[in-house]
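Right, one structure below, let's go through it.
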Amino acid sequence: MVPRLRLLGTGTPTPLLYRAGASFLIECGDDRLLFDCGPGAVRRLLEVGVAPTEVTHLFLTHLHYDHCNDYPYLVLTRWDQGAGRIPDLAVYGPRGVARMTRLLFDETGVWGPDLEGRTQHGSSQAIYQRRGGVLPRQRPQPLVTEVQDGASVPGTNWQVTVAETRHCQPHLHSVAYRLNAAGGSVVYSGDTAPTSRLTELAQGADVLLHMCHFINGEEVDPRMTAACSGHLDAARTAQEAGVRTLVLVHLTEQVLAPGLRERMCAEAAAVFDGTIVVGEDRLAVPISPASPAPAR
Ligand SMILES: [Zn+2]
């Protein structure tokens with residue numbers, strides 16, 4: 001079965017109406033896997049016809065807010081609408097995800113009073129029971145697994161592997177993911193400077209979603225190039241890894257400048273032989289040549 005890929009959020013920390021924070025949806029059989037959950041991701045899910053309750057797995061690349069701000073919103077709305085009838089969300093991410101989850105959802109956490117009210121107050125219990133829930137109401141308990149370089153997560157008909165990337169260490173840990181399924185493979189770089197681990201992870205992949213935060217060659221602070229990638233970095237990694245399609249994501253408003261997008265693609269195409277896609281929110285990207293477009 002060919003997995004289906006939908007770009008939900010292709011933006012950066014800069015708030016833009018047309019680019020939500022980083023988030024990508026892969027539908028694989030009955031599973032709906034979300035990679036990152038930046039600001040606006042949940043609304044984008046609704047826009048492409050997927051309810052938060054349908055999301056089964058979340059993979060976070062790192063804990064910068066442009067990649068995980070909608071994590072609590074996804075967990076809470078999924079829990080609330082799911083009314084005890086769906087499993088808790090399976091969450092994977094680098095070190096720090098368990099702490100964040102605790103600080104959000106534990107009794108003394110950020111959402112402690114809300115969760116106490118929704119599990120204990122009669123008005124919330126009435127809504128919960130009307131949705132099919134059975135008392136006593138349990139709190140959300142995301143099933144968190146912290147992953148590191150070399151880890152492998154087996155699914156029913158897919159497998160996700162993990163490589164460490166180069167971003168904001170030692171302050172934040174960051175990883176990239178590769179999803180393999182019988183019908184194709186997708187790699188998502190997260191945020192990273194060029195690194196051999198990502199090139200290795202992406203070997204022969206059908207699709208590489210790669211950060212493109214700036215235009216290489218223009219004046220870029222070396223502190224930035226040590227942690228992030230530009231269009232030529234992405235193209236070189238795609239070429240060295242031999243991927244079929246490169247999707248540029250994590251794009252700033254710079255891409256709107258007249259002619260910039262064309263120049264970016266032309267320069268990347270001089271380095272990378274495959275197909276280049278400039279990411280846009282809600283865009284469905286075929287994973288293999290025979291891949292059907294998502295029905296929605
Ligand atoms: Zn970012």
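Atoms within each ligand, like the ligands themselves, are counted from 1 in listed order. We use all heavy atoms of the structure for the numbers below, so side chains are in, but hydrogens, waters and symmetry mates are not.
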(message) Side-chain heavy atoms under 4.5 Å apart, restricted to Ile/Leu/Val/Met/Phe/Trp/Tyr: what other residues fall into the cluster of Tyr128, or is it alone?
(response) Leu135
(message) Before we go on, tell me: are the rings of His62 and His173 under 6.0 Å apart, centre to centre?
(response) no
(request) Can you tell me which residue pairs pass the ring pair (Phe, Tyr, Trp, His ring centres under 6.0 Å) test with a partner in residues 219-262, sequence neighbours excluded? (result) His67-His250, His213-His250
(request) Tell me, please, which residues at least two apart from Gln141 pass side chain to side chain contact (heavy atoms under 4.5 Å, CB included). (result) Asp88
(message) Run the side chain to side chain contact (heavy atoms under 4.5 Å, CB included) test on Met100 and Leu63 for me, step by step, so that the C-alpha distance in whole Å, both residues' side-chain angles and the decisive distance to 0.1 Å come before the verdict.
(response) CA-CA 9 Å; Met100 175 179 273; Leu63 300 184; 4.2 Å; yes
(message) Once you measure the plane-to-plane angle for Phe59 and Tyr92, does it fall in the parallel (<30°), tilted (30-60°) or perpendicular (>60°) bin?
(response) parallel
(message) No waters, cut-off 2.8 Å: how many protein N, O or S atoms are close to the Zn ion (ligand 1)?
(response)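 That number is 4, waters not included.
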